[in-house]
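Single-structure report; data block below.
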Amino acid sequence: MAIKIYNTLTRSKEELKPGAPPLVTFYVCGPTVYDYIHIGNARIFITFDVVRRYLDYRGYKVKLIQNYTDIDDKMINRANEEGVAVRELADRYIKAYEEDVGALRVRAADVKPKATDHIPQIIKLVERLLENGYAYEINGDVYFDTGNYPRYGQLTRQKRDELLSGARVEPGEKKKNPLDFVLWKQKKEGEPAWESPWGEGRPGWHIECSAMSTYYIDDTLDIHAGGADLIFPHHENEIAQTWGADQRPLARYWMHAGYLNIEEQKMSKSLGNVLTVRSLLQEHDPFDLRFLILSAHYRSPLNFSDELVHQSRSGRLRLQEMVNNLLSALDSAGDAASEQERVLRKDLEDAKARFVEAMDDDFNTADALGVIFDLARSCNIYIKEAYPYNKDLLEEVLRFYRDINDIFELVDISEPESLDDEIAEKIARREQARVEKDFATADQIRDQLLERGIILEDTPHGTRWKKK
RNA sequence: GGCGACAUAGCCAAGUGGUAAGGCAGAGGACUGCAAAUCCUCCAUCCCCGGUUCGAAUCCGGGUGUCGCCUCCA
């Protein structure tokens, strides 16, 4: 069995065949750090974080690179509006990005290059493009010459003249062809700039990813990923640049995640419906947001609303409860054997296989969640009916949930904390009261503990507690 | 105008030829002193019309609808 990935380049699912297995080189287009990230950004980062973790789970050694775009028009405009240096703006939002994404349990990339730290590499790349005849300079600006690159449009699946019909030239641009794009931009007054063979200037938007991935990998990437809106022009241009400079494909597999809409509407500043991760985390559990994002296939459009977050939460808590049940059952587990044990063991093996099958098929997280819920039911039945429990089996189930959680990270699977003596004593007192059928006292104690954030649940095998 | 995606129950969502996963919500039941948790049962023939096939949600043709890209955008 092999992992299949939908490759935007070929518009079909292909078997993953990395260039140098078990290594998988993986480049994800990172944020432009001019503002807080929104939930749509978060979808991208969570999606590819899960892809990365799954590849890891399947035995690949993933090297993940994710850049920070810390110089471009948006950066400059925002810095000017706020009257701060571009560098200062970048530092602030890189920090914010790492906090936000960290709260969402997205693991940091192995390499996190910033565009402005790689100006020499960018300049060299532009020089190679000029030497190879794929670029031209006009008064300090350097453009990529799409007229010299017949394959332009291959990722977008459009011919040059088709793309041309919608293209337009910004005032002040001096390019030969409307599809040509800027590699190096001459300095304007008040903008950050670096020395170059074409005078002071700064890099264009697309060039950084080509330059940095080449610098850190120096070979065709296995996977290059980003949001669907990056297909054109960003990724199209990256492909053209890397080919022009080094005559090699930038990446073998191109993955693009779908849009996230807010209440069926595209998120946009003008509609005023941009939801930052930062604000959402004020009212929502990050696990719930992850659940929502993983509940649909990553290439499908995904809607976002409070209602859907609540639905996600209800479903997710079912899994959390199951894990809690499992952990507490483990406390009293021994080496009992039973018919139910055989059933659960089989369901576990099935679940393992089905999980891999779902995820191998272009990371079908929605399907995989179904597998997880099926096993949860089976495990709950076991816990309900198979007392006394078999410890080995429960531990094996728990191990599987830990493995899955290492990929999806939807629940908290920490060992139960020990109870402080006072609370333990109260629980014991309540038990005694229940035996004596003094339910008024029992309920009173339960209410007291509830106020302190401890929820009690009576089971046939004793009382369980959990934190609110 | 060009290119492309999607259309599955009240909601979310898998399934790409063999007779509709899973979750949320809802109804009924079991268990419980009560509660919580859990379990059981019920709840869709897959936008419409044609076609191919022994057989289609799944393939083909034609509609209708929604959305995206072609311009900064994750």
Side-chain angles (χ1 to χ4, degrees), chain A residues 8 11 28-32 37-45 47-48 72-74 77 153 156-159 161-170 178-179 205 225-234 236 256-261 264-269 274 291-292 294-297 299-303 305 307-319 321-322 324-325 328 354 358 361 364-385 433-434 437-440 442-443 446-447 450 455-460 463-466:
Chain A
T8 307
R11 308 286 152 119
V28 175
C29 281
T32 301
I37 58 164
H38 58 245
I39 186 67
N41 296 309
R43 178 187 195 185
I44 304 299
F45 300 127
T47 293
F48 295 118
D72 81 335
D73 290 347
K74 290 197 296 287
N77 292 340
T156 316
R157 285 280 167 111
Q158 294 231 63
K159 298 201 172 67
D161 53 341
E162 289 167 351
L163 286 167
L164 211 49
S165 67
R168 88 182 166 213
V169 182
E170 291 295 323
L179 287 174
W205 173 37
D229 55 316
L230 293 181
I231 295 172
F232 189 89
H234 186 54
E236 190 71 56
H256 294 96
Y259 264 96
L260 181 146
N261 298 311
E264 311 288 352
Q265 285 188 305
K266 183 169 172 173
M267 208 184 324
S268 77
K269 295 238 161 72
V274 175
F291 188 100
L292 174 57
L294 297 180
S295 67
H297 187 88
R299 282 188 281 114
S300 306
L302 177 68
N303 199 27
S305 67
E307 163 65 19
L308 290 170
V309 179
H310 288 127
Q311 276 191 24
S312 299
R313 177 169 183 78
S314 301
R316 189 188 72 74
L317 287 179
R318 184 175 157 76
L319 294 178
E321 278 300 337
M322 180 257 134
N324 295 153
N325 292 343
S328 91
R354 287 170 58 210
D361 185 14
N364 193 335
T365 53
D367 202 7
L369 278 176
V371 175
I372 295 170
F373 275 104
D374 280 342
L375 182 62
R377 164 171 290 118
S378 182
C379 187
N380 279 329
I381 290 172
Y382 178 83
I383 289 172
K384 184 161 92 71
E385 297 179 352
R434 288 183 70 222
K437 303 232 183 291
D438 177 6
F439 297 120
D443 290 350
R446 184 166 65 190
D447 291 344
L450 185 61
I455 296 172
L456 296 187
E457 297 178 354
D458 300 322
T459 80
T463 297
R464 286 172 37 193
W465 65 278
K466 65 183 180 186

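We name chains A, B, ... by the order of the sequence lines, and we start the count at 1 in each one. Since this is a predicted model, take the numbers as computed values, not measurements.
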What is the distance, to the nearest angstrom, from the [atom1] atom on [X] to the [atom2] atom on [N]?
X: A:D367; N: B:U8; atom1: CG; atom2: C1'; answer: 15 Å
X: A:L302; N: B:A14; atom1: CG; atom2: C1'; answer: 15 Å
X: A:D374; N: B:G23; atom1: CG; atom2: P; answer: 7 Å
X: A:L317; N: B:A36; atom1: CG; atom2: C1'; answer: 13 Å
X: A:R299; N: B:A14; atom1: CZ; atom2: C1'; answer: 13 Å
X: A:L456; N: B:C34; atom1: CG; atom2: P; answer: 17 Å
X: A:R446; N: B:G33; atom1: CZ; atom2: P; answer: 12 Å
X: A:L230; N: B:C69; atom1: CG; atom2: C1'; answer: 12 Å

Nucleotide nearest [X] (side chain, heavy atoms from C-beta), chosen from [options]:
X: A:I381; options: B:C12, B:A74, B:C39; value: B:C39
X: A:E321; options: B:A74, B:A37, B:A35; value: B:A37
X: A:S295; options: B:C12, B:A74, B:C34; value: B:C12
X: A:R354; options: B:A21, B:A74, B:A14; value: B:A21
X: A:A366; options: B:C72, B:A13, B:A37; value: B:A13
X: A:S314; options: B:U38, B:C11, B:C24; value: B:C24
X: A:L163; options: B:C70, B:C72, B:C12; value: B:C70
X: A:K384; options: B:A37, B:C39, B:A74; value: B:C39

Between [N] and [M], how far is it from one [atom1] atom to the other, in whole Å?
N: B:A5; M: B:U16; atom1: C1'; answer: 15 Å
N: B:G22; M: B:C60; atom1: P; answer: 29 Å
N: B:G50; M: B:C67; atom1: C1'; answer: 26 Å
N: B:A20; M: B:C42; atom1: P; answer: 14 Å
N: B:U66; M: B:A37; atom1: C1'; answer: 41 Å
N: B:G55; M: B:U19; atom1: C1'; answer: 8 Å
N: B:G62; M: B:A21; atom1: C1'; answer: 32 Å
N: B:U58; M: B:U53; atom1: C1'; answer: 13 Å

Would you tell me if any nitrogen or oxygen in the side chain of [X] comes within less than 4.0 Å of OP1 or OP2 on [N]?
X: A:K266; N: B:C69; answer: yes
X: A:R318; N: B:G23; answer: yes
X: A:R377; N: B:G23; answer: yes
X: A:Y259; N: B:C73; answer: no
X: A:T156; N: B:G2; answer: no
X: A:N380; N: B:C39; answer: yes
X: A:R464; N: B:A35; answer: no

Next on the checklist: Using a distance-only criterion (donor-acceptor N/O pair, under 3.5 Å, no hydrogens), is the base of B:C12 paired with the side chain of A:Q311?
Outcome noted: no
Next on the checklist: Suppose we call a contact any N or O donor and acceptor under 3.5 Å apart; does that hold for the side chain of A:N261 and the base of B:C67?
Outcome noted: no
Item to check | Residues A:T32, A:D72; criterion side chain to side chain contact (heavy atoms under 4.5 Å, CB included); working and verdict | outcome: CA-CA 8 Å; A:T32 301; A:D72 81 335; 3.7 Å; yes
So [X], base contact, sugar-phosphate only, or nothing? Heavy-atom distance under 4.0 Å.
X: A:L260; value: base
X: A:S312; value: nothing
X: A:D73; value: nothing
X: A:A296; value: sugar-phosphate
X: A:D443; value: base
X: A:H297; value: sugar-phosphate

Checklist entry - With side chains defined as the heavy atoms from C-beta onward, is the minimum distance between A:E236 and A:Q158 less than 4.5 Å? => result no
Item to check | Short side-chain to backbone donor-acceptor contact, A:N303 and A:E264, under 3.5 Å | outcome: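 Yes, because the side chain of A:N303 sits within donor-acceptor range (under 3.5 Å) of the backbone of A:E264.
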Next on the checklist: Tell me if a side-chain donor or acceptor on A:S314 pairs with a main-chain N or O of A:H310 at a distance below 3.5 Å.
Outcome noted: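 Yes, A:S314 side chain to A:H310 backbone: donor-acceptor pair under 3.5 Å.
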Partner nucleotide, any strand, of [N] [Watson-Crick/G-U, under 3.5 Å]:
N: B:G50; value: B:C60
N: B:G17; value: none
N: B:G26; value: B:C42
N: B:G1; value: B:C70

Checklist entry - Hey, which of these two, A:A376 or A:R316, hits RNA chain B nearer its 5' end, going by closest nucleotide? => result A:R316
Checklist entry - Taking for each residue the nucleotide of RNA chain B bearing the nearest heavy atom, is the 5' side occupied by A:F232 or by A:R43? => result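 Its nucleotide being nearer the 5' end, the pick is A:F232.
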What distance separates [X] [atom1] from [Y] [atom2], expressed to the nearest 0.5 Å?
X: A:W465; Y: A:E457; atom1: CH2; atom2: CD; value: 12.0 Å
X: A:L450; Y: A:R446; atom1: CG; atom2: CZ; value: 9.0 Å
X: A:T8; Y: A:R299; atom1: OG1; atom2: CZ; value: 8.0 Å

Item to check | A:F373 aromatic ring stacked with six-membered ring of B:G22, 5.5 Å and 30° | outcome: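 No.
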Checklist entry - Using the ring of each side chain (for Trp, its six-membered ring), is A:W205 parallel, tilted or perpendicular to A:H234, with breaks at 30° and 60°? => result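 Plane angle under 30°, so parallel.
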Checklist entry - Considering the options A:I372, A:L317, A:N380, A:L375, which one meets the side-chain contact (heavy atoms from CB on, under 4.5 Å) requirement together with A:M322? => result A:N380
